[in-house]
Amino acid sequence: MKIAVLKETAAGEKRVAATPETVKKFIGLGASVGVEAGAGQGANIPDAAFEAAGASIADRAGTLADAGIVLGVQGPEPAGLPQGASVIAALNPHQTRERVAAYAAAGVTAFAMEFMPRITRAQSMDILSSQSNLNGYKAVIDAAEAYGRAFPMMMTAAGTVSAARVFVMGVGVAGLQAIATAKRLGAVVSATDVRLATKEQIMSLGGKPIFIEDEETKAAETAGGYAKEMSDAYKAKQAALVSETIAKQDIVITTALIPGRPAPRLVTAAQVATMKPGSVIVDLAVEAGGNVEGSVPGEVVVTDGGITIIGHRNYASRLATDASNLYARNLFTFVSTFWDKEGKAPKWDAEDEIIKAVKLTEGGAVVHGGLA
Ligand code: NAD
């Protein structure tokens with residue numbers, strides 16, 4: 001079975017879906033690997049490194065020829081995909097339904113890796129976790145860079161520099177790493193979420209939890225561990241708490257997402273305006289509609305009041321080498337979990353809960369319950 005690794009075509013996408021390490025492991029399973037020329041460039045992996053690991057290098061058509069599996073970071077263009085191949089990538093299915101239909105029409109079996117269930121067995125295949133963790137780290141680093149002041153408290157002969165105050169909104173994988181990174185840099189950190197389970201996690205990282213605790217927050221977490229959309233009454237209480245908190249902060253990192261829904265609006269322009277000049281906000285949810293009023297996808301906005309709102313797209317691509325290493329391992333674990341050693345090809349067990357969750361198309365049709 002040949003595995004094809006394509007060069008990403010989306011603007012600004014620097015990651016790559018395989019690395020020399022995973023190429024070697026695929027070959028160890030009995031597969032052959034073709035890599036499109038230049039695929040690793042954005043992640044600082046030269047073609048020669050893929051070749052040294054045992055891959056063959058070709059153009060797109062040559063890479064796709066006879067491939068049984070096609071690996072991507074973002075979903076590849078359907079044109080030219082070999083019929084019957086399995087496509088494994090972050091397919092962003094809710095936003096790209098036409099392309100999903102085109103995969104079905106092209107006769108490929110498409111797997112959306114972001115639909116991976118949050119179960120223990122799938123943890124090492126979970127691209128959302130591996131990439132969000134880096135997003136949370138990089139958001140704090142970007143904020144520190146844009147903030148014209150120091151993060152840690154410093155007591156010097158010339159006087160004391162006070163510690164930066166960082167507020168993290170949304171304490172999932174990205175938020176936890178943002179708290180940890182800000183603490184390591186010496187900031188005074190507080191954080192909030194709708195899921196009460198995060199309270200202890202915030203404290204264990206040395207952060208101060210800022211919470212609304214009512215009947216609704218006791219049930220704010222779905223069985224899958226995600227947040228629900230909250231009521232208007234809750235949103236009003238949350239807005240009051242944010243107003244009280246945000247004016248005292250130097251840095252705000254927002255990460256709040258609700259699966260399949262637009263990101264919740266957590267900070268209004270009026271609340272932003274209460275922050276001190278020089279303060280920095282990073283809106284990691286900007287591509288899902290934004291947690292912060294005034295954040296713009298792909299832009300760094302400075303308000304009239306001197307507050308910087310960072311809205312970079314595709315945060316993980318800003319750490320392309322590490323992001324690729326982790327992402328590539330997630331894909332390898334997925335493929336190897338379903339690999340049939342004798343047939344030297346994957347057997348996608350239709351009854352397995354992982355396959356049920358991630359398989360979008362098969363046999364010419366869209367088969368995923370959430371999309372069909
Ligand atoms: P996410 O990216 O979906 O959302 C980020 C955070 O925003 C979440 O903590 C969410 O509760 C919070 N949020 C949503 N609406 C909010 C609002 N109005 N105000 C404040 N915060 C709000 O989250 P995620 O990082 O994907 O994590 C989701 C869940 O999955 C968590 O319970 C996490 O622990 C769990 N998880 C499990 C595994 C595993 O077991 N394999 C792996 C990773 C994550």
Side-chain angles (χ1 to χ4, degrees), residues 90 92 94 112-137 139 167-180 190-202 204-205 207 209-214 216-243 245-246 252-268 271 281-293 315-316 326-327 329-330 333-334 337 353-354 357-358:
N92 192 14
H94 290 297
M113 291 296 283
E114 61 270 73
F115 283 0
M116 191 61 67
R118 253 66 198 274
I119 54 173
T120 307
R121 186 165 71 98
Q123 240 166 5
S124 50
M125 313 173 201
D126 184 350
I127 61 164
L128 290 184
S129 290
S130 73
Q131 308 298 290
S132 293
N133 176 48
L134 294 171
N135 297 348
Y137 162 80
F167 183 41
V168 177
M169 305 183 74
V171 187
V173 179
L176 285 171
Q177 184 55 258
I179 296 171
S190 55
T192 192
D193 200 295
V194 291
R195 293 184 298 111
L196 279 182
T198 60
K199 206 171 157 182
E200 254 182 57
Q201 298 167 358
I202 295 165
S204 74
L205 290 170
I210 296 188
F211 271 73
I212 292 164
E213 290 187 42
D214 60 10
E216 199 175 345
T217 34
K218 283 182 194 148
E221 182 161 325
T222 65
Y226 288 103
K228 289 182 189 158
E229 185 159 24
M230 306 302 277
S231 69
D232 287 343
Y234 178 91
K235 284 179 189 164
K237 285 192 221 170
Q238 190 181 38
L241 186 68
V242 172
S243 293
T245 309
I246 207 164
V252 175
I253 311 282
T254 71
T255 78
L257 293 173
I258 301 164
R261 305 270 311 137
R265 180 52 53 88
L266 302 181
V267 183
T268 64
Q271 288 167 331
I281 301 175
V282 182
D283 187 350
L284 280 181
V286 71
E287 288 180 283
N291 294 143
V292 181
E293 190 177 357
Y315 242 90
L326 301 183
Y327 182 92
R329 288 187 199 130
N330 291 147
T333 307
F334 174 65
T337 298
E353 66 178 312
I354 291 176
V358 299

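Counting convention: from 1, in listed order, for ligands and their atoms alike. Nothing here was measured: the structure is a model prediction, and the numbers come from that model. Along the sequence shown, the residues carry numbers beginning at 1.
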*Out of L241, I202, T217, which one pairs with F211 under the side chain to side chain contact (heavy atoms under 4.5 Å, CB included) rule?*
I202
Which distance, rounded to the nearest 0.5 Å, do you find between the [atom1] of [X] and the [atom2] of [Y]?
X: M125; Y: T337; atom1: CE; atom2: OG1; answer: 3.5 Å
X: M116; Y: R121; atom1: CE; atom2: CZ; answer: 9.5 Å
X: E114; Y: N92; atom1: CD; atom2: CG; answer: 6.0 Å
X: L205; Y: T198; atom1: CG; atom2: OG1; answer: 11.0 Å
X: E229; Y: R261; atom1: CD; atom2: CZ; answer: 4.0 Å
X: N291; Y: D283; atom1: CG; atom2: CG; answer: 5.0 Å

*With a 4.0 Å cut-off, strictly under, does atom 34 (O) of ligand 1 pick up any protein heavy atom?*
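It does not; no protein heavy atom is within 4.0 Å.
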*Which of the listed options, G225, S132, A174, holds the heavy atom that is closest to atom 31 (C) of ligand 1?*
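Heavy atom nearest to atom 31 (C) of ligand 1 belongs to G225.
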*Which option out of D193, T255, T217 puts a heavy atom nearest to atom 10 (C) of ligand 1?*
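Considering heavy atoms of D193, T255, T217, the nearest to atom 10 (C) of ligand 1 sits in D193.
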Check [X] against ligand 1 and report side chain, backbone, both or neither, counting heavy atoms closer than 4.0 Å.
X: T198; answer: neither
X: D126; answer: side chain
X: Q238; answer: side chain
X: P264; answer: side chain

Could you list which atoms of ligand 1 come closer than 4.0 Å to a heavy atom of [X]?
X: V173; value: 25 (O), 43 (C), 44 (C)
X: A227; value: 10 (C), 11 (O), 13 (N), 14 (C), 15 (N)
X: G172; value: 6 (C), 8 (C), 9 (O), 25 (O)
X: S129; value: 42 (C), 43 (C), 44 (C)
X: L266; value: 17 (C), 18 (N), 19 (N)

When you measure from [atom] to every protein heavy atom, which one gives the shortest distance, and what is it?
atom: atom 44 (C) of ligand 1; answer: R118 CZ, 3.6 Å
atom: atom 39 (C) of ligand 1; answer: Q123 NE2, 3.5 Å
atom: atom 17 (C) of ligand 1; answer: V194 CG1, 3.5 Å
atom: atom 3 (O) of ligand 1; answer: Y226 CD2, 3.5 Å
atom: atom 2 (O) of ligand 1; answer: L257 CD1, 3.6 Å
atom: atom 7 (O) of ligand 1; answer: A256 CA, 3.2 Å

_Using the side chain to side chain donor-acceptor pair (under 3.5 Å) criterion, which residues pair with S231? Sequence neighbours excluded._
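Expected list: E216.
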*Return yes if some donor-acceptor pair links the side-chain N/O of N330 with the main-chain N/O of S124 below 3.5 Å, else return no.*
yes
_Can a donor-acceptor pair be found, under 3.5 Å and without considering hydrogens, that links the side chain of K228 to the backbone of A219?_
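Between the backbone of A219 and the side chain of K228 there is a qualifying donor-acceptor contact (under 3.5 Å).
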Pair up each side-chain donor or acceptor in residues 232-239 with any protein partner under 3.5 Å, not counting sequence neighbours, and list the distances.
| unit_1 | atom_1 | unit_2 | atom_2 | d |
| --- | --- | --- | --- | --- |
| K237 | NZ | D214 | OD2 | 2.8 |

_4.0 Å heavy-atom contact, M169 with ligand 1_ = no
*Consider ligand 1: state whether an atom of it lies below 4.0 angstrom from any non-hydrogen atom of V171.*
yes
_Quick one, I354 and I119 - any side-chain contact, counting heavy atoms below 4.5 Å?_
yes
*Looking at side-chain heavy atoms only, is the closest gap between R118 and L128 below 4.5 Å?*
yes
*Does P259 reach ligand 1 with a nitrogen or oxygen that is under 3.5 Å from one of the ligand's nitrogen or oxygen atoms?*
no
